[in-house]
Amino acid sequence: MAFFVEVLVGGLLAGVMYGLVALGFVLIYKASGVFNFAQGAMVFLGALTATGLEQQGVPLWLAIAMTAIFTVVLAILIERLILKPLLAQPPISLFMATLGLAFVIEGLAQAVWGNNARALDLGIPDVPLEWLLDSTGVGVSTFDLVASIIALALIGVLSAFFSLTKTGRALRAVADDTKAALSVGIPLERVLIIVWSAAGLVALVAGLLWGARNGVQYSLTLVALKAFPVLIIGGFSSIPGAFAGGLIIGASEKLADVYIGPMIGGGIESWFPYVLALLFLLVRPEGLFGDRIIRRV
Amino acid sequence: MFYRLSGQFRTSYYEDNRLIGEKLERTVFIATMLVASIAIPLVASPYLLSAVLIPFLIFSLAALGLNILTGFAGQVSFGSAAFMAIGAFASFNLLLRVPAIPSLLAFLLGGMCASAIGVLFGLPSLRIRGFYLAASTLATQFFIVWCLSKVGWFTNYAASGVITVQHVAPLGFALDNHVSKYLFVLVVVTTLTVVASNLMRSNIGRSWMSIRDMDVAAEVIGINPLYAKLTAFAVSAFYCGIAGALYSYAYVSTVEPDGFSLDLSFKILFMIIIGGLGSILGSFIGAAFIVLLPIWLNVFFSAMEHFSGLKAPSGITSNVELIIFGGIIIVFLVVEPHGLARLWQRAKEKLQIWPLSH
Amino acid sequence: MQNAIPPLLQLRGISLRFGGVAALANISFDVQEHEVRAIIGPNGAGKSSMLNVINGIYCPQEGEIVFNGEKRTRMSTRMAAAAGFARTFQNIALFQGMTVLENVVAGRNLKFKASLLEQAVWFGRARREEAAQREKAEEVIEFMELERYRKKVVSQLPYGLQKRVELARALAAEPRILLLDEPMAGMNAEEKREMCRFILNSNRRDGTTIILIEHDMSVVMDISDRIVVLDYGRKIADGQPKCVRDNDEVIRAYLGRSERVG
Amino acid sequence: MPQTRTLRRATVARKTRVDYLKLDNVQVVYNGMILVLRGVSMRVPCGKIVTLLGANGAGKTTTLKAISNLLAAERGALSGGSIHFEGRRVDDLGPEALVRSGLIQVMEGRRCFPHLTIEENLLTGAHTRSARRSELNAGLEKIFHYFPRLKVKRRLSAGYASGGEQQMCAIGRALMSNPRMVLLDEPSMGLAPQIVQEIFAIVRDLNQRERVTFLIAEQNATLALDCADFGYVIENGRVVMDGTAQTLKDSSEVREFYLGIGSGERRNFADLSKSHRRRRPFLSVED
Amino acid sequence: DQPEQYIPVLSYRVGPFAANGASMFSGLIDYLNLTNAKGGINGVRITFEECETEYNTSRGVECYERLKDRQGGASVIETGSTGIAYALLDRLPQDKLPMTTMGYGRADAADGRVFPWVFPLISTYWSQAAAMVEYMAQQSGGMDRLKGKTIVDLYHDSAYGKESFPVLDHYAKEIGFNLIKIAIPAPGIEQQAQWLQIRQAKPDYVILWGFGVMNAAAMKAAARVGYPREKMIGSWWAGSEVDTVPAGDAAKGYLSMTFTAPGSFPVLEDIKGTLYDRGKGNLSGDAKFGSVSHVRGIVIGILMTEAIRAAQQKYGIGRPVTAEQVRWGYEHLVLDEKRLGEIGALGLIPPMKTSCADHEGSGAAMVQEWDGTNFIPKSKGWVAGDRALVRKLAEQSAAQYAADKNITPRDCGKED
Ligand SMILES: Nc1ncnc2c1ncn2[C@@H]1O[C@H](COP(=O)(O)OP(=O)(O)OP(=O)(O)O)[C@@H](O)[C@H]1O
Ligand SMILES: Nc1ncnc2c1ncn2[C@@H]1O[C@H](COP(=O)(O)OP(=O)(O)OP(=O)(O)O)[C@@H](O)[C@H]1O
Ligand SMILES: [Mg+2]
Ligand SMILES: [Mg+2]
């Protein structure tokens, strides 16, 4: 039983980290109905730039701040060079453009910073809290707590932003019908820059936390893979959904790996979350919290 | 100027339904086929045949398969590599376990296996749509690759799950050199391309497209979405399966399940998006783009270094190539978001009215 | 007189709710074969929903549908198609990526019999069928005067023409019952007249039964045989044009005093 | 500061009273190939209502989109001519800037945001206004006053609303921006007769009380001409006729093709005979 | 003009494994440049051309076909990628071109009778697994002491990850230790659950047969559950700076196998002095100089030049040799301590000797430890497992392959 709880808690904490990555996807999807293939590259770029600067002798906090500014600049460039010319085009074309963007970002990041694997130390210890381990036998580290708090804070702020502010409403309008959004005078340019900056900043946060976990290297782009099933379960367009989906995937994936995996040969983590997500979809085709799919004639 | 359609009248619907409508295009097509089947094998270097043209044709076929599903029937899938894997491993096992099975039949049955599994994994599409469906096809991709590598039987209990395919001679035509492999691939791909064009101009093709464009209306005019979607999955998986068999038997010959990774699936998807969704020609153009462009960039940069005598710091060139590749994708999409095939079509239309501008 | 022939389609006590909001409440009416039956009512009255119930897109919570003597609690979309229902939509539901011709031929898809394999090799039945159906489709295209646009992708056609293509697609199916949801919206008088001509031609020449939703009262009054009036889910009148026109409740709920009719 | 800006605008407007909105020889090409407008010139005086008539495919929608600069999103572009609004050249101004300067378009085919509720849809219309919550509420109330049906359905996702409800929502959304000039593309489409009357009453009302200028592309020519001061008729991408509403009403072509009155009386729609003259009555332009 | 010997370099400097690939192929190029700087191989200059494969099979095949016939024909191919190596397997006999797969690829290719063109030099995966067991036995005080112990094999769930199975299974059965295999599906960025399982099993050793980010993630997770890194032994592809640096402090004490010894050797000094100090080094950024991957690349280069040298010895000194002759060279490598000393690589790799039948040459490996900044040798010298066992397994497997593919094995007795 204790072991079960331990695995469960471990899964939930992993889920928080997945949710963090998924959040970046949700932002862009919510604002433009597009699946942003470059999100993984942005996670990589963010973490790499911050550590790269740090290794040049810049203090960590300053490095992070500089990276954040750089992220906004990048968002502006993306808007100018990609999104604006591709205004109101089919989502699949935009999806493809984000792929091109992913290549550019990956190439750029590695050309500038090289392809060394680096360690990133945020100064947050990642060993289980003694007292918690002793009293309950469950290993939760300060790092986990910080990650969870950051994730919750981001989710709270972004949800509020989307549902309460004028810009949030405008974003959803753009995703629904870009041309109509233009016609009512929504400043598409600014709105898109805001979203892509936000997605970039979320990617930076995810990159820093994941980078502190596993080091800063190319494989950070792969954490995006973990976001897929999370997105399906939570719904592509729901911010709290990203969090809930993360928890569900994290917990069930770990439990399945421990309890079902050995029976059928192991390594089921590769597909289990997807199959689980698929089952969820069969019941709710728009995910748990996603926008309802409106089909009306 | 020379590209004129005037003076070509069609006098029957048979004629108007022809595969390639315009006379000029027909001529061009026949010429291309002649060059591809006679001139190229005679003059092309082994490098061109075995490292460029064969993979290009095979990927075109896979892209065509995915285009049937995604471009024509509107069901985005990230699982095409898995169906290629099924085609490859099914053919391998058939040839291994069924005594004296003709290899062509084994390939065909391999494609059919992919088809059957495709139908199975296509079932969720009846309820799930769009990017949700796309993301859920990842389940197919990962599950199948996992299965193939976990169940020893599929790989004939090879220690590490790697299989080396048999030497085959379909219809007595031994696939033991570049030319024979190329010709075989060319014949298969051409045949299947013709079949795909036939499907597209028939009722089933229209059913697929109507499901893609407006599924409610399609149902209202009597199209069975179940049938339309599942046939699309079946045909698409069949094409991918055959492509997978060709990939292993006419191209790399030693394969492992992990070789048919998500990356490959994505690559095929990119081919059809950049080439043009819902365009047969687009599948080929897209495959050419994704397969050939990185090679050209690589060759170009090597030549640049060679001639200029400058040596860029190692690793930089590779990254620059990647950046340029991504940049070109974006530029082409900005010029024509519907893909290269549409760009080509527009160029053609411009030629038709040339020198007038409108 | 009408009692002698049983109606082709009967709707009995249809109720349809969306999460507590009643879009249709206990609606009953019938449709005789070969007649032009209009449904009118204010916006949001439930007219489109009614059509959706008739051809099976919505599933009513209560009531039954009797078609051709057969009773059922709901239609299925495909069964309806097979039984000869064709339809146009209020928000155009054409296949936007296909050409006009393909759209119209797709309207005839139930007439195709060739198997997948035959289609794949483009041989025998598939080839013959394609030409034969194409010929029929061309007749419709010619009739609807769409020849010039035959090979145009519909998404680039102006609104009015798209409406026309949609009607062509429906007519191509040689339907027994044609459900039309505001086929003449966005057209000028002359264009409406043409649409009326197409519709009535089909009605008189081929005996197609027509159920029509339309907000242009002059059109409705001119071409329909009987009219049902819905008002926010209720049926408030049912009868011949002149009776409906003078019905006080209809005037209050829908027409408005100043509407000049005829 | 905002005050001075309005003041300046007002003076500009007064100066250019005659040509509040001015199109000169506007040409539009789609996809770099399809020439749709072949030189459209028109003038909309300040505070007037102008209607735009034309058969299906004549280019009404394209004209309106050219004005509000929404062509780019459909791969269309102005290939010639110029557009002035309030004396300023606006053909390179973004749609957002236009809305800010008071010109808004109601697009053809409803185009509500399906996942937003009716109320949220209306609020997006006020995006360019920096209005306080209470002002917004007042704006909403005004729209609900115009269209009581929307108030009932305010919490419904627009995607589920009926066609007519969506149309009201689209019009209401545009009005939420407090425009000084509105381009209406087929406002009556899909609306019940009573509401159509209502719409034109609103147009007249706004025009008279708030001096809002209107350019209306409308197929219900009877109502449109009743309400308008001037009218333009376009065919095949060219203006083929213009004049005061009364002149147009009196023209036999307009009577026949747009008002449906043949040889002096309204023709019955059940009359199956083809009209003796086919479409494109004014000019026989090449196809 | 100086005679030239051409070697195509199929490298990957972008993509998922760029961090490894970039240093490794720079190492190779550095050594080739060093050789040239010293006048080539008996006066024969080495020319080379690089082609980017992105570790992608299809592109690797293209590079191979593009480069193999250039400049008078390739001498030897080394791809650094299992997938590409497999894809080339069938092409080599036709092109009569030898391929080295140093430390990866098919273990049974060590049987040169069935795989005449493939050289899994120094040590194969199977030798590695055997050496691992041998090392654990040494630490425990004898093979029999392993009996009853628990060993976890945490492996990358791919063909690569399963390479160790035949050998480990064999030992587990023979010695009687408890082998628990736990798969980590790629990419393996999250291993919390697996490490909880490991902690529960209380293994005496954890074998980390990992790849890519999975390795750093494993060390981090081990730290979180408190499993001592000193008891983790990685495979050699889980044993370079790329794997340990990202894990930060968590990597301290971690052990891994290697077929190139860590530390400083004359040949490295030579490269530094001749190339890097003059700005001619191939690495971008000197930080990676002497890193594990870099050194492995250098070793590839050493073996290439030695094979060519051997071939010249037989077929004509100071003249370029054909690929077939290079193969002969690879089959007659004698890198004893004397020769290694001459190259400046004494102790860098185990002494080795190849033959027609034995394409591996050594089969020994070393255990190294990460001290937080550097790898340092841990085992006393080179460790080799049960060579006879590994050879037997390889021969069995190769025979099976020969049967499947209708290959008649060469008769090595008849060749010189
Ligand atoms: N995106 C587009 N691409 C190509 N051609 C287009 C496009 N949009 C419109 N057209 C063409 O432009 C012409 C004018 O269309 P427009 O929509 O302006 O007509 P309209 O007068 O508004 O007609 P309706 O009354 O039917 O709405 C039509 O012939 C149409 O085919
Ligand atoms: N799927 C649905 N979910 C929720 N409400 C719906 C749905 N479909 C229709 N409604 C509601 O039912 C009512 C009737 O809609 P319907 O489309 O039938 O109206 P209508 O009579 O066709 O109106 P119009 O003339 O404006 O087209 C509307 O108020 C609409 O909001
Ligand atoms: Mg309706
Ligand atoms: Mg229009």
Side-chain angles (χ1 to χ4, degrees), chain B residues 45-52 54-55 58-59 96 142 145-146 149-150 155-156 158-167 176-178 247 251-259 261-264 267 291-292 294-295 297-299 301-302 305-306 311 313-322, chain E residues 11-16 18 21-22 25-26 29 49-52 54 56-59 61-69 82-91 94-95 106-108 125 157-166 183 185-186 282-285 393 397 400-401 404-406:
Chain B
S45 67
Y47 161 66
L48 197 62
L49 286 180
S50 78
V52 179
I54 290 180
I58 292 173
F59 284 127
L96 181 77
F142 289 118
V145 170
W146 178 85
S149 57
K150 277 289 145 125
T155 51
N156 197 23
S160 51
V162 181
I163 58 164
T164 304
V165 300
Q166 306 87 346
H167 285 301
D176 53 4
N177 60 58
H178 302 321
Y247 182 83
Y251 182 43
V252 292
S253 74
T254 302
V255 289
E256 53 173 329
D258 293 303
S261 64
L262 182 61
D263 276 349
L264 186 59
K267 210 166 166 179
V291 172
L292 302 182
I295 300 179
L297 285 175
N298 195 245
V299 171
F301 274 91
S302 312
E305 278 186 355
H306 192 76
K311 183 89 183 80
S314 63
I316 294 287
T317 11
S318 300
N319 282 311
V320 170
E321 280 167 36
L322 198 65
Chain E
S11 60
Y12 43 95
R13 295 176 186 270
V14 296
F25 290 101
S26 286
I29 289 173
E49 201 171 338
E50 224 180 325
C51 182
E52 174 65 47
E54 291 182 17
N56 172 315
T57 304
S58 203
R59 288 202 56 189
V61 171
E62 187 271 328
C63 279
Y64 168 82
E65 294 287 346
R66 168 143 50 103
L67 298 189
K68 70 173 193 211
D69 292 328
T82 311
I84 302 175
Y86 278 142
L88 298 185
L89 219 52
D90 254 16
R91 296 171 189 249
Q94 284 177 17
D95 299 330
R106 294 186 76 110
D108 55 2
Y125 284 133
D157 197 9
S158 64
Y160 153 73
K162 291 181 225 156
E163 296 283 1
S164 63
F165 286 4
N282 189 265
L283 279 174
S284 56
L393 287 174
S397 171
Q400 178 67 44
Y401 180 85
D404 286 349
K405 298 278 284 182
N406 277 331

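Below, read A as the first sequence line, B as the second, and so on, with proteins coming before strands; counting in each chain starts at 1.
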(request) Would you indicate whether the side-chain heavy atoms of S253(B) and L89(E) approach each other to under 4.5 Å? (result) no
(request) Begin from the C-alpha positions of K267(B) and N56(E) and carry the test side chain to side chain contact (heavy atoms under 4.5 Å, CB included) through to its verdict. (result) CA-CA 12 Å; K267(B) 210 166 166 179; N56(E) 172 315; 3.3 Å; yes
(message) Can you tell me which portion of A107(E) sits under 4.5 Å from chain B's heavy atoms? Options are side chain, backbone, both or neither.
(response) neither
(message) I want to check something: taking the side chain as every heavy atom from C-beta on, are E321(B) and E54(E) in contact at a cut-off of under 4.5 Å?
(response) no
(request) Identify the two heavy atoms, one from E256(B) and one from G83(E), that lie closest to each other, and give their separation to 0.1 Å. (result) OE2-CA, 4.5 Å
(message) I need the I295(B) CD1 to S58(E) OG distance, nearest 0.5 Å.
(response) 7.5 Å
(message) So E52(E) and L297(B), do their side chains get closer than 4.5 Å, heavy atoms only?
(response) no
(message) Quick check on F59(B) against chain E: is it the side chain, the backbone, both or neither that has a heavy atom closer than 4.5 Å?
(response) side chain
(request) Go through V165(B), N298(B), D176(B), D258(B) and name the one with the most non-hydrogen pairs under 4.5 angstrom from chain E. (result) N298(B)
(message) Please identify, among S302(B), P55(B), P294(B), P46(B), the residue contributing the most non-hydrogen atom pairs under 4.5 Å to chain E.
(response) P294(B)
(request) Under the side chain to side chain contact (heavy atoms under 4.5 Å, CB included) rule, what do R66(E) and V299(B) come out as? Steps first, then yes or no, please. (result) CA-CA 9 Å; R66(E) 168 143 50 103; V299(B) 171; 3.3 Å; yes
(request) Against chain B, label Y86(E) side chain, backbone, both or neither, depending on which of its atoms sit under 4.5 Å from a heavy atom there. (result) both
(request) Measure the CD-OG distance between E50(E) and S318(B) for me, rounded to the nearest 0.5 Å. (result) 6.5 Å
(request) Measure across V162(B) and A159(E) and return the closest heavy-atom pair with its distance rounded to 0.1 Å. (result) CG2-CB, 3.8 Å
(message) Distance check, rounded to the nearest 0.5 Å: E65(E) atom CD versus I54(B) atom CD1?
(response) 9.0 Å
(message) Does any backbone or side-chain atom of D157(E) lie under 4.5 Å from a heavy atom of chain B? Answer side chain, backbone, both or neither.
(response) both
(request) Can you see which heavy atom on S149(B) is nearest to which on K162(E), and at what distance? (result) O-NZ, 3.1 Å
(request) Under 4.5 Å heavy-atom distance to chain E, tell me which part of L322(B) shows up: side chain, backbone, both or neither. (result) side chain
(message) Donor-acceptor pair, distance only, cut-off 3.5 Å: does the side chain of K405(E) make one with the backbone of T164(B)?
(response) no
(request) Among Q94(E), R91(E), E62(E), find the one that has a side chain to side chain contact (heavy atoms under 4.5 Å, CB included) with S50(B). (result) R91(E)
(request) Not counting sequence neighbours, which residues clear ring pair (Phe, Tyr, Trp, His ring centres under 6.0 Å) with Y47(B)? List them please. (result) none
(message) Counting only non-hydrogen atoms closer than 4.5 Å, does Y12(E) touch chain B with its backbone (N, CA, C, O), its side chain (CB onward), both, or neither?
(response) neither
(request) For Y251(B), check ring pair (Phe, Tyr, Trp, His ring centres under 6.0 Å) against everything at least two apart and list the hits. (result) Y247(B)
(request) Answer with side chain, backbone, both or neither: which region of P257(B) has an atom nearer than 4.5 Å to a non-hydrogen atom of chain E? (result) neither
